[in-house]
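Can you keep this structure in mind? I'll have questions shortly.
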Amino acid sequence: MNTRVAGASVGAGITVFLSSAVAVIELLNVEFSALVGLPVGLLAGAAAAVAVAIRYDALVGPARYTVDAVAGFGLAIIVVLAISYVNLAGLRSALSTDVTVGIAALAAALVALASWRTAH
């Protein structure tokens with residue numbers, strides 16, 4: 001397993017974890033929905049990471065670009081949250097949820113473009 005496969009599997013796992021955990025937490029109308037949503041997200045993210053690690057080399061064309069974009073989104077979320085956590089250059093107040101997701105979406109688009117460029 002090379003670093004590209006490892007990065008794609010970790011990034012895709014993070015993205016699936018976050019999206020499924022948030023979806024379950026928001027859809028359940030109970031007080032402690034995070035007690036259900038976080039384990040569900042963890043299982044879904046682990047399954048996605050394993051699936052990407054196993055099948056990444058077989059992906060071609062738009063499927064690979066999509067997986068790379070999803071992985072880039074997850075890794076960008078982690079980087080932006082780390083920057084917010086350590087309050088690098090006083091950015092904590094500027095990095096709201098909307099800004100964080102916007103930066104990660106931009107990173108996902110750039111990663112998909114880079115993946116497309118390296119394939120051609």
Item to check | Which atom of Val40 lies closest to which atom of Ser20, heavy atoms considered | outcome: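 For Val40 and Ser20, the tightest heavy-atom pair comes out as O-OG, 4.3 Å.
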Checklist entry - For the atom pair CD1 (Ile78) and CZ (Phe73), what is the distance rounded to the nearest 0.5 Å? => result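 Those atoms lie 10.5 Å apart.
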Checklist entry - Minimum heavy-atom separation for Pro39 to Ala34, with atom names? => result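 Nearest heavy atoms, Pro39 then Ala34: CD-O, 3.9 Å.
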Item to check | Exercise: identify the closest heavy-atom pair between Gly11 and Leu75 | outcome: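 Residues Gly11 and Leu75, closest heavy atoms: CA-CG, 3.8 Å.
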Next on the checklist: Using the rule that Ile, Leu, Val, Met, Phe, Trp and Tyr join whenever any side-chain heavy atoms are under 4.5 Å apart, tell me whether Val36 and Ile25 fall into a single cluster.
Outcome noted: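 In one cluster with Val36: Ile25, no.
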Checklist entry - Where is the tightest heavy-atom contact between Ala12 and Val52, given as atom of each residue plus distance? => result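 Nearest pair, atom of Ala12 first, then Val52: CB-CG2, 3.9 Å.
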Checklist entry - For residues 2-15, which residue pairs qualify under salt bridge (Lys or Arg N to Asp or Glu O under 4.0 Å), counting only residues two or more places apart or in two chains? => result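 Passing the test, one end in residues 2-15: Arg4-Asp68.
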Checklist entry - Side chain of Ser9, backbone of Val5: donor and acceptor closer than 3.5 Å? => result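 Yes; at least one donor-acceptor contact below 3.5 Å.
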Checklist entry - Between Ile103 and Val79, is any pair of side-chain heavy atoms under 4.5 Å apart? => result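 When only atoms from C-beta onward are counted, Val79 and Ile103 do not touch, as no gap falls below 4.5 Å.
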Item to check | Least distance between heavy atoms, Ala104 atom then Ala76 atom | outcome: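 Smallest interatomic distance, heavy atoms only, reads CA-CB, 3.8 Å.
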Item to check | Joint hydrophobic cluster, Val99 plus Ile83, side-chain heavy atoms closer than 4.5 Å | outcome: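 Val99 clusters together with Ile83.
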Checklist entry - Below 4.5 Å, heavy atoms only, C-beta onward: do Asp57 and Arg64 meet side chain to side chain? => result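 In short, these two side chains touch, coming nearer than 4.5 Å.
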Checklist entry - Same hydrophobic cluster for Tyr85 and Val80, using side-chain heavy-atom links shorter than 4.5 Å among ILVMFWY? => result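 Yes; tracing contacts between hydrophobic side chains, which count when under 4.5 Å, links both residues.
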Checklist entry - Between atom CG of Leu28 and atom CG of Leu35, what is the distance when rounded to the nearest 0.5 Å? => result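 These two atoms lie 10.5 Å from each other.
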Checklist entry - Is Phe17 close to Ile14 at the side-chain level, that is, under 4.5 Å between some pair of heavy atoms? => result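 When only atoms from C-beta onward are counted, Phe17 and Ile14 do not touch, as no gap falls below 4.5 Å.
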Next on the checklist: Within this structure, what is the OG1-CG distance for the pair Thr118 and Leu113, rounded to the nearest 0.5 Å?
Outcome noted: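 One gets 9.5 Å once the value is rounded to the nearest 0.5 Å.
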Checklist entry - What distance do Ile77 atom CD1 and Thr15 atom OG1 have between them, rounded to the nearest 0.5 Å? => result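 The distance works out to 7.5 Å.
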Item to check | Hydrophobic cluster identity match, Val60 and Tyr65, side-chain contacts under 4.5 Å | outcome: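 Shared cluster, no.
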Checklist entry - Honestly curious: do Leu18 and Val101 fall in one hydrophobic cluster under the side-chain, below-4.5 Å linking rule? => result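 Per the 4.5 Å side-chain linkage, Leu18 and Val101 are co-clustered.
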Item to check | Minimum heavy-atom distance Ala48-Val16, with the two atoms named | outcome: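 Minimum heavy-atom separation between Ala48 and Val16: CB-CG2, 3.6 Å.
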